[in-house]
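A short write-up of the structure that comes next.
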Amino acid sequence: MRSVESKEVFGVKNLFSFLKQIMISLPQRKKRKYHKSLETLVLEQKKKKTYNRNNFYKSTYCVFQGAPLYKIAKRKPHYRSESGSTYYYTTKGVYRLSNHWGRAAKCQWRLISDFPAEIDDLRLGFAEWVDFRENLAEHVDAYYISVDFETKKVSYNHKDDPSYDQVAVLRSADATRKLIKQIKNLLDTYKWAKYYEHDDIDEFRKEVVTRLINSDISLNELRKELA
């Protein structure tokens, strides 16, 4: 864990040094403005939780990436849960071999994998320690939805995900699940679109789904607006 933490701290220190160098050449008025921004960044970094083998299982959200079984072939599990899941720690992160993903105790652990399930539906996933986020309360707006329109794949991510573009609306866990169900129906069916004027069903579908993701408008409200 030490090497991962060192890399993170080193990166943050470099960022702070870079910002300070920029501030030197700025007028005094702008210096005060950017100094406040720098202080805010420092506070945010201090508040940000870091995870390791001793706390990654304490109310966290994480997306594990699928991995082949040979990755743990010569390893002995460091921990086996009551439900039968096994965990293999490395310096950078953790492998989890399990037949159940999604909600695990007080955690939300998703698995994205192209590898087929093994005996007893077991799948192996890997996540780096830096990939873990705090799993916030159900009512907190902590998740955003994204869609790959080519594959029609709908997914959700935590608001602290580095790829968050600050455009998609953040929603609670329940609201996210509800909207994902509606979006999948829009992507997989055609009947709903026959009531509206459009030249290209795929473009129209993309327009509708994007509007739902990036705003607070409900599907019923949007239907009325489009009618």
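Residue numbers start at 1 and run along the sequence shown. Just so you know, these numbers come straight off a predicted model, no measurement behind them.
H158 and Y143 have perpendicular rings, their planes meeting at more than 60° on a 0 to 90° scale where under 30° would count as parallel. Relative ring orientation between F132 and F64 is described as perpendicular, the plane-to-plane angle rising above 60° on a 0-90° scale split at 30° and 60°. In this pair, Y89 and F56 present their aromatic rings perpendicular. The plane angle is above 60°, beyond the 30 to 60° band.
Closest approach of I201 to A193, counting heavy atoms only: CD1-CB, 3.3 Å. Nearest heavy atoms, D165 versus A168: OD1-N, 3.4 Å.
With sequence neighbours left out, the salt bridge (charged side-chain N to carboxylate O under 4.0 Å, His left out) criterion links R80 to no other residue. R211 pairs by the salt bridge (charged side-chain N to carboxylate O under 4.0 Å, His left out) definition with E225, not counting sequence neighbours.
Within a 6.0 Å radius of CD in E197, other residues, nucleotides and ligands contribute 12 heavy atoms or fewer. The 12-atom threshold is not exceeded at NZ of K178, counting heavy atoms of other residues, nucleotides or ligands nearer than 6.0 Å.
With a 6.0 Å cutoff to the six-membered ring centre and a 45° limit on the axis angle, R205 counts as a cation-pi contact of Y190. With W101 as the aromatic partner, R96 meets the cation-pi criteria of under 6.0 angstrom to the ring centre and within 45 degrees of the ring axis.
The aromatic ring centres of Y57 and W109 sit 6.0 Å or more apart.
Atoms OH and CG, on Y95 and L97 in that order, are 12.0 Å from each other to the nearest 0.5 Å.
With salt bridges taken as basic N to acidic carboxylate O contacts below 4.0 Å, one links E134 and K49.
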